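Counting starts at 1 for both ligands and their atoms, in listed order. Note that the structure is predicted; figures quoted are calculated from it, not measured.
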Amino acid sequence: VTVLAPNRTPEPAPAHPAALPIRPPAGPLEPSFRPADRNRGRDRPRALVLFSGGVDSTVALWWAQAEGFDTAALTFQYPGRPRGEENAARVLLRAAGNPRRIVLDLPFLRESDSPAHPPGYVPARNPLFYAIAFHVAASEGIEAIVGGHNAEDGERFPDAHRAFLDELGRVLAGGLARGVARGTGPRDAPYLTFPLVALSKREVVARGKRLGAPVEQAWSCYEDLDEPCGQCPACKSLPAAFA
Ligand SMILES: [Zn+2]
């Protein structure tokens, strides 16, 4: 999970075991939200994976595919999102067999100015993301919405805590109108699922490797730089997670 952080010039970084090679910046990212092909066979349940290009969402994507879901990847583009993350996302989606991709632009999203909040904090980020994902999934009859939050995210950010995310799923499902033609049961509502929410970062990486996900290609750094800064909390925790 990415946290927006102000751009700043870091101190020279130490050697970084999981550093990505320097790649040219990604080209312009066009928002896209095309309706799914409704003639397509519906032999498998469908999942919409919130996919940033970071380690956790990469493992979540591989998990959904391994579970047999017909998987689509939903990426939110917003000011300050590291270009390295989008570069990684494109590489990873190719490795995943080019699942359908939906990119939605959220140009209004920004860090809080309030001194009451930690640096880089985006208020209501996850409720916004999941409400939008729920809109997409419910509109298309997609059954599952998959988020790659791990246990450590929830310790730092209340809106990434397991209890909050579960409650959010109930709230969204509870607010969904149901028409007679589409049935009346709760199964009509997409459900939110968080397959990594009990795992530490290290366990997420191990799970990803077992699933065959190229986790070393994912982007973790909070900074929008050509290569990982080596200084931010994500960079500092990465060597231990990959050890
Ligand atoms: Zn970093």
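- For F129, the ring-ring contact (aromatic ring centres under 6.0 Å, His included) test picks out F76, with sequence neighbours left out.
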Kindly list each side-chain donor-acceptor pair under 3.5 angstrom involving residues 160-168, sequence neighbours excluded, with atom names and distances?
unit_1, atom_1, unit_2, atom_2, d
H161, ND1, A163, N, 3.0
E167, OE1, R170, NE, 3.3
E167, OE1, R170, NH2, 2.9

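- If you count the protein N, O or S atoms nearer to the Zn ion (ligand 1) than 2.8 Å, you get 4.
- Partners of S112 according to the side-chain hydrogen bond (donor to acceptor under 3.5 Å, both in side chains) rule, which considers only residues two or more places apart in sequence or in another chain, are H117.
- Atoms OH and CG, on Y78 and L109 in that order, are 7.5 Å from each other to the nearest 0.5 Å.
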Inset, instruction - Tell me, with the steps shown, if R100 and D70 meet side chain to side chain contact (heavy atoms under 4.5 Å, CB included). - result: CA-CA 9 Å; R100 177 180 173 218; D70 179 358; over 6 Å; no
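- Between F69 and W63, the ring planes lie tilted relative to each other; the angle falls in the 30° to 60° range.
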